[in-house]
Amino acid sequence: MNEYRCAVCGGRYENRKVTLELRTPTGDLIIVQDVPAEVCVQCGDELFTPEVTHQLMLLVQSPPAPVATLQVPVYVLAAA
């Protein structure tokens, strides 16, 4: 386990797998599961290694065929 503390809240980090919502250059939404990250146990701040960041950048630039496709409802919040 690492010894550094969160710059946001001072909490400790732990290894986790996270799910990210990313946008491609054309604006398409993609979801990436099981991304290795260091996550602050207090505030949820996420840190990624340079290798993971590089993989994510490549994935966004040229996404492969998805393992699944979701249908997501979209709502508009009426002005109050």
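Nothing here was measured: the structure is a model prediction, and the numbers come from that model.
The shortest distance between side-chain heavy atoms of Tyr13 and Val41 does not fall below 4.5 Å. Side-chain atoms of Pro66 and Thr69, non-hydrogen and from C-beta on, do get closer than 4.5 Å to each other. Counting only heavy atoms from C-beta outward, the side chains of Leu56 and Val32 approach each other to under 4.5 Å. For the pair Asp28/Arg23, no side-chain contact is recorded, criterion being any heavy-atom separation below 4.5 Å from C-beta on. Proximity of Lys17 to Val35: side-chain heavy atoms (C-beta onward) are nowhere separated by under 4.5 Å.
Nearest heavy-atom pair, Glu38 versus Tyr4, reported as atom, atom and distance to 0.1 Å: CG-OH, 3.3 Å. Here the closest heavy-atom approach between residue Pro63 and residue Val60 is recorded as CD-O, 3.7 Å. Nearest heavy atom pair, residue Pro36 against residue Phe48, reads O-CD2, 3.5 Å.
Taken from CG in Leu22 to OG1 in Thr24, the straight-line distance is 9.5 Å, to the nearest 0.5 Å. Distance check, rounded to the nearest 0.5 Å: CZ of Arg12 to SG of Cys6 gives 12.0 Å. Atom SG of residue Cys40 and atom CZ of residue Arg16 lie 8.5 Å apart, to the nearest 0.5 angstrom. A distance of 10.0 Å separates CG in Leu20 from CD1 in Ile31, rounded to the nearest 0.5 Å.
The salt bridge (Lys or Arg N to Asp or Glu O under 4.0 Å) check on Arg5 picks up nothing, with sequence neighbours excluded.
At a threshold of 4.5 Å between side-chain heavy atoms, the hydrophobic network of Ile, Leu, Val, Met, Phe, Trp and Tyr places Leu59 and Val52 in one connected group.
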